[in-house]
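Accompanying notes for the structure given below.
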Amino acid sequence: MSSCWPRPFRACCSRTARTDPLTTVRGALFRWSPAFLQRRSAGLAALAVIVLTVVCAVRFDALHRTASDRSIVLVLATVVVLVAGASLGWPAARRVCVLGVVLVWLPLVVIAPSFAWCSVPVLVVLHAALGVRAATAVSVIVVVAAAVSVPRLTTVRDPGLLIGCLLAGVVLVTALAALRSALIERGRLLRDLVAARSRVLVAERQASALAARQEVAAELHDTVVQSAAGALFLVEAAERTAPSLSPAGLEARIALRAALADARGLVDRLERDGSEDLELVTALRAVATGAGATLHVSGDAQPIGPEATHALVRIAQTAVANAVRHARASTIVLALHRGERCASVTVSDDGRGFAPDAEVTAGPDGGHGLAIIRRRVALLGGTLTIDTAPGAGTSLTATIPMEDR
């Protein structure tokens, strides 16, 4: 029916409905009340113990001014109030305070049966502060003491009153224990659900990353690998037809074979799901051997995690490749150090070096290596140190914190 009204009026009505104060207050109450009560149940029950104890003490003092045990009752009631108040202001000692309340309340209810009305909040305090089994065991004692004391309020012997109090107490204790067990089970199910959701998210991210890697692998195979294979085929054909190749041709053939092997290895690694954990020393030894470098290993031989391993191997590959292609180094030293909290890879060479403040522009002709190294280190929260100068060689150290094991 609202469609027959003008549009501004309908919009005004809809805004009013959305911002209705009663609806907002009701939603806030339903949203926050259960959580508030769950967090403050122990405090509210302790406050109820204090209030009921004070009321019972005032009532006892008014009705039994001439009783011989009047002073003892008032002292015990005061101690109950003080200990219950301490549980409010001292949450760290809540269990001790709750046990103190019970120990003082038991003789109090035996002397003055009217304090049995405090048994219900005492039971709630017990179950809010102690474990299910301990709270249930102590609750049985509280119920028996209250059930025995209540019939003494009347002058008529009534076994039904004792039985009724016992049954009511048993039902209440059973309900509290069942409720707490259900809440504990609910918490466990929620934790399992959160853990399962986290595993699903991790699996989805891994599947997405695998799909992206496979797409990159396919592009590399169809472009770089095919081009390198074609160029190598042409060089080898020229070698078969010509009497002998020039030194530059021989170097080109060697370089093309190495590039083709590297590209195919990269495609193979991208196609995998990355579940196998690459052994770091073995991988770095292969990198050093392929470039004619020297490898030094120090520190504890402990696993550092697949992501850190992968990053360190790629950083070493890129740094060694830069030393060979750009720095034209004759000596390259690759060092791995594994400490208690981090692992580092250092690549040192005696090449041309470069100005560390010089801006390197990445483009189709190169310049991506150092930027990629910086990104890998930053993603894992590590640090990168470069010590170089024109004509003085280069020393690059990448330090990455170890993953939680």
Side-chain angles (χ1 to χ4, degrees), residues 224-225 227-228 231-232 235-236 238-239 244-266 269 278-299 309-338 343-377 382-400:
V224 177
V225 174
S227 299
L232 181 61
V235 172
E236 290 178 345
E239 184 181 5
S244 62
L245 282 178
S246 62
L250 292 175
E251 292 182 1
R253 184 186 63 183
I254 295 173
L256 281 172
R257 284 179 177 174
L260 185 59
D262 291 341
R264 284 173 174 168
L266 178 59
R269 287 189 293 271
L278 184 63
E279 210 286 319
L280 182 58
V281 177
T282 302
L284 292 180
R285 185 175 291 114
V287 173
T289 302
T294 305
L295 176 64
H296 298 288
V297 179
S298 61
T309 299
H310 178 79
L312 290 176
V313 172
R314 292 292 181 263
I315 290 171
Q317 287 176 334
T318 304
V320 169
N322 286 343
V324 172
R325 298 170 187 170
H326 303 297
R328 297 179 182 176
S330 59
T331 302
I332 302 174
V333 178
L334 178 60
L336 168 66
H337 177 73
R338 286 180 288 194
S344 62
V345 163
T346 301
V347 179
S348 304
D349 65 74
D350 60 353
R352 298 184 303 176
F354 61 94
D357 298 333
E359 183 178 355
V360 179
T361 303
D365 297 330
H368 297 275
L370 194 56
I372 291 174
I373 290 177
R374 287 196 174 99
R375 283 198 297 270
R376 288 186 187 276
V377 173
T383 57
L384 179 66
T385 304
I386 301 176
D387 183 11
T388 184
T394 302
S395 177
L396 182 147
T397 301
T399 304
I400 294 177

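Values reported hereafter were calculated over all heavy atoms of this structure, with side chains retained and with hydrogens, waters and symmetry mates removed. This structure is a prediction, so every number in the text was calculated from the model and none was measured.
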Where A291 and V324 come nearest, the two heavy atoms and their spacing: CB-CG2, 4.2 Å
Partner residues of H337 under the side-chain hydrogen bond (donor to acceptor under 3.5 Å, both in side chains) criterion, sequence neighbours left out: S298
Donor-acceptor under 3.5 Å (T388 side chain, G393 main chain): yes
Pairwise distance CG(L396) to CD1(I386) - rounded to 0.5 angstrom: 5.0 Å
Main-chain N/O of S395 paired to D387 side chain as donor or acceptor, under 3.5 Å: no
Residue pair L312 / A398: nearest heavy atoms and the distance that separates them: CD2-O, 4.1 Å
Exercise: identify the closest heavy-atom pair between A343 and R338: CB-CG, 4.0 Å
I332 side, atom CD1; L295 side, atom CG - distance, nearest 0.5 Å: 12.5 Å
From CD (Q317) to CG (N322), nearest 0.5 Å: 12.0 Å
Listed partners of T346 passing side-chain hydrogen bond (donor to acceptor under 3.5 Å, both in side chains), at least two apart: T397
From NE2 (H296) to CG (L334), nearest 0.5 Å: 9.0 Å
Nearest heavy-atom neighbours spanning T383 and V377: N-CG1, 3.3 Å
Spatial distance of atom CZ (R285) from atom CG (L336) [nearest 0.5 Å]: 10.5 Å
Spacing of I372 atom CD1 and R314 atom CZ [to the nearest 0.5 Å]: 11.0 Å
